[in-house]
Amino acid sequence: MSDTPPPAYAGPQRVFSGMQPTGGLHLGNYLGALTKFVRLQDHYKSIYCVVDLHAITADPDPRSLAANSREVAAAFFAAGVDPKKSIVFIQSAVRAHTELAWIFNCVARMGWLERMTQFKDKAGKHAERSSVGLFDYPVLQAADILAYKATHVPVGEDQKQHLELSRDIAQKFNNDFDAPGFFPLPEPLIQGPGARIMSLRDGAKKMSKSDPSDMSRINLTDDADTILAKFKKATTDPLPLPESVEGLEGRPEVANLVGIYAALSDMSQEAVLKAFGGKGFGVFKPALAELAAQRLAPIAAEQRRLMGDVPTLDAMLREGAEQANAIAEPVMEEVRRVVGFWR
Ligand code: AMP
Ligand code: TRP
């Protein structure tokens with residue numbers, strides 16, 4: 001036996017990411033994921049998916065599912081994802097996701113999934129009453145990525161563990177089916193100031209659409225007055241802003257607001273504190289609100305415009321699904337051969 005490692009994946013580099021159509025998007029989604037989608041499309045073949053199959057793992061609602069999917073897709077386009085550069089589509093329109101998820105169900109181990117913290121958080125005390133789909137959610141996520149042999153996955157910090165699982169599944173598939181280098185081991189792209197935006201009410205909780213308090217988050221569709229009211233009410237402390245980044249230690253809510261300002265203005269935290277250090281929140285919060293409103297208003301307007309013309313939006317998404325399928329279907333043909341199915 002030699003010690004030479006198996007050949008690594010040598011195919012093209014591709015970006016894939018997904019977002020669930022469960023309620024409107026917020027500033028965390030925008031800074032943690034969407035702004036990266038836009039930046040990456042100039043450097044990689046990029047594929048962005050609205051993951052409606054994931055959305056039915058908990059509290060499915062057939063009356064709103066399709067509209068919510070359109071809304072998230074419209075937000076992608078409105079934020080600057082360009083259909084001439086990137087592929088944008090709805091997950092359930094491409095069959096490869098569910099087929100590959102089944103095959104990966106037979107690769108992933110129960111023990112791996114039992115360690116997933118997002119399942120534990122979402123299922124809470126009622127794990128035995130959760131859908132099997134909720135437990136299996138990260139396996140479908142691995143299938144999303146690997147159906148395109150994607151090499152890079154822009155996500156927020158909370159998806160790190162799911163990405164590690166995707167790598168484990170890719171590696172075990174390559175080993176189990178004697179196909180070295182068949183799937184790439186996808187790399188998460190998490191870094192950046194927006195990777196973990198926290199709740200405006202509690203600096204220990206991430207900004208989330210499932211938070212019952214709407215004051216905890218800035219929605220992409222909030223108007224300038226609402227944004228100002230939410231930032232004004234955001235939890236802080238009576239001290240002025242610190243002069244340096246070290247001064248943010250032990251002040252998570254303040255660090256979060258400074259991080260948001262930095263991410264929205266493409267400035268470093270140091271530069272933000274140089275401008276606002278020593279000043280009070282009576283000055284900083286309105287400046288932050290104005291900056292956020294300036295960035296978000298044109299996105300919300302464009303999203304509304306796209307949502308107002310459903311036939312055009314649906315045509316764009318159908319075109320995206322065709323392009324996605326044209327990449328995934330040949331991969332699935334190879335997968336069926338590698339697994340050894342009758343063909
Ligand atoms: P979700 O809304 O859970 O489908 O998340 C969509 C994308 O937004 C994923 O890449 C998440 O990691 C990212 N995301 C969600 N919440 C936050 C947050 N508070 N801060 C940064 N990124 C986030
Ligand atoms: N699980 C991701 C989230 O909750 C959404 C998602 C589904 C995803 N499939 C994906 C993200 C594939 C990246 C790649 O945010």
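As the structure lists them, so they are numbered: ligands from 1, and atoms in each ligand from 1.
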May I ask you to identify the nearest protein heavy atom to atom 6 (C) of ligand 1, giving residue, atom name and distance to one decimal place in Å? M19 CG, 3.1 Å
Candidate pair S46 and F37, rule side chain to side chain contact (heavy atoms under 4.5 Å, CB included), full reasoning: CA-CA 8 Å; S46 301; F37 293 6; over 6 Å; no
Which ligand 1 atoms does G32 reach within 4.0 Å, using its non-hydrogen atoms? 21 (C), 22 (N)
Among all the protein's non-hydrogen atoms, which is closest to atom 20 (N) of ligand 1, and how far away is it? I197 N, 2.9 Å
Atoms of ligand 1 close to M207 [distance to a heavy atom under 4.0 angstrom, numbered from 1]: 16 (N), 18 (C), 19 (N)
With a cut-off of 4.0 Å, which atoms of ligand 2 are near a heavy atom of V153? 13 (C), 14 (C)
What is the closest protein heavy atom to atom 9 (C) of ligand 1, and at what distance does it sit? G156 N, 4.1 Å
Could you tell me whether K172 sits above the aromatic face of F177, with NZ or CZ closer than 6.0 angstrom to the six-membered ring centre and within 45 degrees of the axis? no
Which atoms of ligand 2 sit under 4.0 Å from any heavy atom of Q20? 4 (O)
Tell me whether S17 has any N or O atom under 3.5 angstrom from an N or O of ligand 2. no
If the test is side chain to side chain contact (heavy atoms under 4.5 Å, CB included), which one of L27, N29, D214 qualifies with N219? D214
Between F284 and F231, is the ring centroid distance below 6.0 Å? no
For ligand 2, which atoms sit closer than 4.0 Å to a heavy atom of V51? 7 (C), 9 (N)
Cation-pi check for Y137 against K122: NZ or CZ below 6.0 Å from the six-membered ring centre and within 45 degrees of the axis, yes or no? yes
After noting the C-alpha distance and the side-chain angles of R305 and E302, does the key distance pass the salt bridge (Lys or Arg N to Asp or Glu O under 4.0 Å) rule? CA-CA 5 Å; R305 191 188 69 77; E302 177 62 5; 3.0 Å; yes
Does the ring center of F183 lie less than 6.0 Å from the ring center of F104? yes
Distance to 0.1 Å, residue and atom name: give those for the protein heavy atom nearest to atom 16 (N) of ligand 1. H26 CE1, 3.5 Å
A student checking ligand 2 against Y137 at a 4.0 Å heavy-atom cut-off should list atoms 1 (N), 2 (C), 3 (C), 4 (O), 5 (C)
Residue pair R217, D211: steps toward the salt bridge (Lys or Arg N to Asp or Glu O under 4.0 Å) verdict: CA-CA 8 Å; R217 65 183 157 260; D211 194 312; 5.1 Å; no
Should the pair K85-D42 be classified as a salt bridge under the 4.0 Å nitrogen-to-oxygen rule? yes
Can you name the atoms of ligand 2, numbered from 1 with element, that are less than 4.0 Å from a heavy atom of V155? 11 (C), 13 (C)
Region of A195 engaging ligand 1 - heavy atom pairs below 4.0 Å: backbone
Would you call the rings of Y148 and H97 parallel, tilted or perpendicular, where under 30° means parallel and over 60° means perpendicular? tilted
Nearest protein heavy atom to atom 1 (P) of ligand 1, by residue and atom, and its distance? N29 ND2, 3.9 Å
Taking both backbone and side-chain atoms of K209, is any N or O found less than 3.5 Å from an N or O belonging to ligand 1? yes
Who gets closest to atom 22 (N) of ligand 1 by heavy atom: A33, G28, A55? G28
Just to confirm my output: which protein heavy-atom neighbour is closest to atom 11 (C) of ligand 1, and how far is it? D158 OD1, 3.4 Å
Short N or O distance, Q118 and ligand 2, threshold 3.5 Å exclusive: no
Atoms in ligand 1 flagged as close to Q159, the criterion being non-hydrogen separation under 4.0 Å: 12 (O)
Do side-chain atoms of D202 reach the backbone of S199 as a donor and acceptor pair under 3.5 angstrom? no
Kindly confirm or rule out an N or O of D144 lying under 3.5 angstrom from an N or O of ligand 2. yes
the protein heavy atom lying closest to atom 4 (O) of ligand 1 turns out to be Q20 N, 3.1 Å
Where on R196 is there a heavy atom closer than 4.0 Å to ligand 1, on the side chain, on the backbone, on both, or on neither? backbone
Is the shortest heavy-atom distance from the side chain of Q303 to the side chain of F76 under 4.5 Å? no
Under a 4.0 Å N-O cut-off, is there an ion pair linking E99 with R336? yes
